[in-house]
Amino acid sequence: MQKRIYLCLAHMSGEEQKFIQEAFDTNWVVPLGPNVNGFEADLEAFVGEGKSVVALSAGTAAVHLALIGCGVQAGDEVICQSFTFCASANPIKYLGATPVFVDSEPETWNMSPELLAEAIEDRIAKTGRKPKAIVPVYLYGMPAKIDEIMAVAEKYDIPVVEDAAEGFGSRFDGRVCGTFGCYGVLSFNGNKMITTSGGGALVCPDEEHKRDIMFYATQAREAYPYYQHEHIGYNYRMSNICAGIGRGQMTVADEHIAHHKHVCALYKELLSDVEGITLHENPSPRFDSNYWLCTILLDEQLHVRGEEHAYCQAVQGAVGGAAGVTHGGGALHTECEPNPNVEAMRVALDEAGIEARSLWKPMHRQPIYADAPAYVNGVSEALFARGMCLPSGPCVTDDDVRYIVEQIKCNII
Ligand SMILES: *Cc1c(COP(=O)(O)O)cnc(C)c1O
């Protein structure tokens with residue numbers, strides 16, 4: 001029986017338990033303490049640029065607090081990359097603000113700087129007000145054209161919140177992603193580049209912003225000998241136990257990133273003679289993706305075994321999820337879905353013990369955001385129709401990659 005090969009499973013260094021044991025031994029089993037401080041110091045050293053980092057309970061919490069840090073309030077508009085996971089956009093709604101979605105450019109698959117400028121101009125013309133923040137994303141780890149995005153943001157003086165949840169350790173022009181904008185979002189969920197079981201962090205410009213974010217992350221308690229609240233706060237701080245896992249993970253972060261890049265290079269080599277399949281790669285040496293997930297595009301003309309039966313059967317449960325609690329009983333199709341050859345390849349790989357996944361469905365095609373303004377060029381929708389993610393994590397061996405490519409090849413007809 002072939003073992004199952006997952007997209008990106010967590011992989012422990014062995015150091016984690018030492019830090020956790022220390023937390024128990026010193027009775028620091030709370031959402032503050034030496035591991036939290038130590039993990040933040042590790043992250044600050046890792047991202048560089050003199051940034052300050054706050055450890056939080058999730059990447060989603062980091063997006064939420066970054067928007068609060070940018071002054072986003074109910075009724076405001078926030079520009080967000082459409083081609084992303086829902087956690088980039090949902091916190092905009094938590095605040096009662098409106099997301100304005102911007103499509104991608106085809107080279108990095110991330111926010112199009114041209115379309116961003118167009119969107120800002122049009123929002124000002126239509127509403128008389130500037131959007132309050134811009135949220136570009138490093139999808140699958142690929143750096144965005146962040147220099148051009150920053151130039152547009154600076155022209156209009158709008159703060160940027162980089163969603164680097166998938167781009168931990170990716171670089172643009174040698175600089176770590178998440179350090180270009182006002183805030184940078186990191187995630188340490190179970191399937192990310194490094195994990196704290198669940199957790200995230202916010203990269204802040206300086207200590208003053210860090211203190212402000214920490215204030216909101218700890219229920220916004222004012223300086224009195226009793227609970228005094230003058231702002232709405234949140235319970236978003238990372239626990240000292242999770243931070244212990246994070247400190248252990250930081251000892252292997254560089255190894256993990258190197259392994260993801262190695263896996264991508266091996267896919268490139270083995271897929272080079274397969275017609276109709278294109279691996280997504282750094283568009284130029286200025287881009288240095290961590291290749292968190294290796295992704296491919298399938299030509300529409302590529303025929304895959306079983307494609308005539310794609311979508312005939314409902315899937316059990318949702319994508320992405322150990323913790324996925326789903327609603328049952330949906331239709332077999334939606335108005336926007338991957339091509340039949342992509343779905344057939346996913347099913348064929350699944351039967352061969354390989355977890356593959358379609359690309360993230362653009363937010364402007366999600367029912368929850370049907371009414372949100374969107375500036376689109378067709379790029380993210382076309383990618384969603386043709387793309388798929390392949391296993392890329394630290395547990396994926398060279399033999400696994402060879403087996404996966406073999407299975408891809410033998411299902412092409
Ligand atoms: C995972 C992810 C997040 C959220 O991080 P959590 O730690 O899971 O809350 C945000 N944005 C993107 C693009 C992600 O992939």
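Only heavy atoms go into these numbers, but all of them, side chains included; no hydrogens, no water, no symmetry mates. Computed from a prediction, not measured in an experiment: that's the story for all the values here. Numbering of ligands and ligand atoms starts at 1, following listing order.
Using a 30° and 60° split on the angle between ring planes, Trp360 and Trp292 fall in the perpendicular class, above 60°. Ring pair His259/His262 is tilted by interplanar angle, where 30° to 60° counts as tilted.
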Verdict with supporting geometry, Lys210 and Glu44, salt bridge (Lys or Arg N to Asp or Glu O under 4.0 Å): CA-CA 12 Å; Lys210 172 173 173 170; Glu44 284 166 4; 3.3 Å; yes
Would you check, one step at a time, whether the test side chain to side chain donor-acceptor pair (under 3.5 Å) holds for Asn339 with Glu343? CA-CA 7 Å; Asn339 292 334; Glu343 173 59 7; over 6 Å; no
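Contact residues of ligand 1 (protein heavy atom closer than 4.0 angstrom to a ligand atom; sorted by chain and number): Ala58, Gly59, Thr60, Thr84, Phe85, Ala87, Ser88, Val137, Asp163, Ala165, Glu166, Ser187, Asn189, Lys192, Gly199.
Between Arg4 and Asp350 there is a salt bridge, since at least one side-chain N of the basic residue sits less than 4.0 Å from a carboxylate O of the acidic one.
Residue pairs meeting the side-chain hydrogen bond (donor to acceptor under 3.5 Å, both in side chains) criterion with at least one member in residues 26-36, sequence neighbours excluded, are Asn35-Arg247.
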